[in-house]
Amino acid sequence: MKEKIIAQPSQQEIILELLSAYQRQELSAGQILKILRKDIMEMSQTDYAKMIGISRRTLSDLEQDLGSPTFHVFNAAFQPFGLQAGLVPLFKN
């Protein structure tokens, strides 16, 4: 399956900065999703949810870090930015 990445190469720096803040535990996944949706995509929750194939309520819950989304839902939400769920080490070398 070919991924459909919508974020432009010029936006990758912003995405990487947000991911660094996530790794430093300064931002949650939900906060990052909201920033990406609003600032990069410039879309409402309703429009973005429709585009990725989930309900607006599910998107709202994701952005508020509520519930336990499946990998499928989590990946659908972040896929337009070239991101997916993965294993992240909690230890430092």
S.K.: To the nearest 0.5 Å, tell me how far Leu19 CG sits from Ile32 CD1.
M.R.: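 Atom-to-atom, Leu19:CG and Ile32:CD1 are 5.5 Å apart.
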S.K.: Got a sec: does the CD of Gln25 have more than 12 other heavy atoms crowding it under 6.0 Å?
M.R.: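 No, the 6.0 Å shell around CD holds no more than 12 heavy atoms from other groups.
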S.K.: Would Leu33 and Leu16 show up in the same hydrophobic cluster when neighbours are defined by side-chain heavy atoms closer than 4.5 Å?
M.R.: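 They do share one cluster, since a chain of ILVMFWY contacts under 4.5 Å joins Leu33 to Leu16.
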S.K.: Could you walk me through whether Ile40 and Ile15 pass the side-chain contact (heavy atoms from CB on, under 4.5 Å) check?
M.R.: CA-CA 9 Å; Ile40 290 182; Ile15 293 169; 4.0 Å; yes
S.K.: Donor-acceptor check, side chain of Ser60 to backbone of Arg56, threshold 3.5 angstrom: yes or no?
M.R.: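 No, Ser60 side chain to Arg56 backbone: no donor-acceptor pair under 3.5 Å.
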S.K.: Are the side chains of Leu36 and Leu83 in contact, using a 4.5 Å heavy-atom criterion?
M.R.: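 Side chain of Leu83 against side chain of Leu36, heavy atoms only: contact under 4.5 Å found.
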S.K.: When Glu63 is tested against each of Arg57, Arg37, Lys38 for salt bridge (Lys or Arg N to Asp or Glu O under 4.0 Å), which residue passes?
M.R.: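 Between Glu63 and the candidates, salt bridge (Lys or Arg N to Asp or Glu O under 4.0 Å) is satisfied uniquely by Arg37.
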S.K.: For the CG atom of Asp47 and the CE atom of Met51, what is their distance to the nearest 0.5 Å?
M.R.: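 Nearest 0.5 Å value for the CG-CE distance: 9.5 Å.
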S.K.: Looking only at heavy atoms, what is the nearest atom pair of Pro69 and Phe74, with distance?
M.R.: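 Distance-wise, the nearest heavy atoms are CG-CD1, 4.3 Å.
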S.K.: Identify the two heavy atoms, one from Ala77 and one from Leu62, that lie closest to each other, and give their separation to 0.1 Å.
M.R.: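 Heavy atoms of Ala77 and Leu62 come nearest at CB-CD1, 3.8 Å.
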S.K.: What are the two closest heavy atoms between Pro80 and Tyr48, and how far apart are they?
M.R.: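 What the structure gives for the nearest pair is CG-OH, 3.4 Å.
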S.K.: Answer yes or no: is there a side-chain heavy-atom contact under 4.5 Å between Gln11 and Phe81?
M.R.: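 Side chain of Gln11 against side chain of Phe81, heavy atoms only: no contact under 4.5 Å found.
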